[in-house]
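Read through the structure below, which is laid out as structure tokens, and then see the notes.
Just so it is clear, the structure is predicted and the values come from calculations on it, not from any experiment. Below, each value reflects all heavy atoms present in this structure, side chains not excepted, and no hydrogens, waters or symmetry copies.
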Amino acid sequence: MKITTDEVKHIADLSRLALDGQALADMGEHLEKVLGYFETLDAADTGSVQPTAHILSAVNVLRDDVAGTPMPREQLLQNAPDSDGESYLVPQVLE
């Protein structure tokens, strides 16, 4: 598929690229190659291929979220560097 210089300029403007002279010609050739690859893909027969959301048949293997008994606060706070008996105390990071 042939891409005109005006189309390359338009795409460059949309992409916020400042192209001029040889850069416009090079980009046009590059875009033509990319579109050629898409034409090759478009020619492939995919009529018998089922639509998929993912190429792998991966399944979510996470366990169910079940509430358990909470640990006692004293046990949780015993490894804290500093606490007030109710919560962790940390150095102030904002003034």
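Residues satisfying the side-chain hydrogen bond (donor to acceptor under 3.5 Å, both in side chains) test with Glu29, not counting sequence neighbours, are none. For Pro70, there are no side chain to side chain contact (heavy atoms under 4.5 Å, CB included) partners at least two apart in sequence or on another chain. For Glu86, the side chain to side chain contact (heavy atoms under 4.5 Å, CB included) test picks out Arg73, Asp84, with sequence neighbours left out. Every residue two or more places apart in sequence or in another chain that forms a side chain to side chain contact (heavy atoms under 4.5 Å, CB included) with Ala12 is listed here: Leu17, Leu19. Residues passing the side-chain hydrogen bond (donor to acceptor under 3.5 Å, both in side chains) test with Lys33, sequence neighbours excluded: none. In terms of the side chain to side chain contact (heavy atoms under 4.5 Å, CB included) criterion, residue partners of His30 (sequence neighbours excluded) are, by chain and number, Met27, Val34. With sequence neighbours excluded, the residues forming a salt bridge (charged side-chain N to carboxylate O under 4.0 Å, His left out) with Glu32 are Lys2, listed by chain and number.
The line from CG of Leu35 to CD1 of Ile3 is 4.5 Å long, rounded to the nearest 0.5 Å.
The side-chain hydrogen bond (donor to acceptor under 3.5 Å, both in side chains) pairs that include a residue from residues 38-48 number zero, where partners must be two or more places apart or lie in different chains. Screening residues 48-68 for salt bridge (charged side-chain N to carboxylate O under 4.0 Å, His left out) gives no qualifying pairs among residues at least two apart or on separate chains. Applying the side-chain hydrogen bond (donor to acceptor under 3.5 Å, both in side chains) definition to pairs two or more places apart or across chains, those involving residues 11-22 are Gln22-Asp26.
The shortest heavy-atom contact between Leu77 and Tyr88 is CD2-N, 4.0 Å.
Hydrophobic clustering, defined by side-chain heavy atoms of Ile, Leu, Val, Met, Phe, Trp and Tyr closer than 4.5 Å, groups Val93 together with Leu94.
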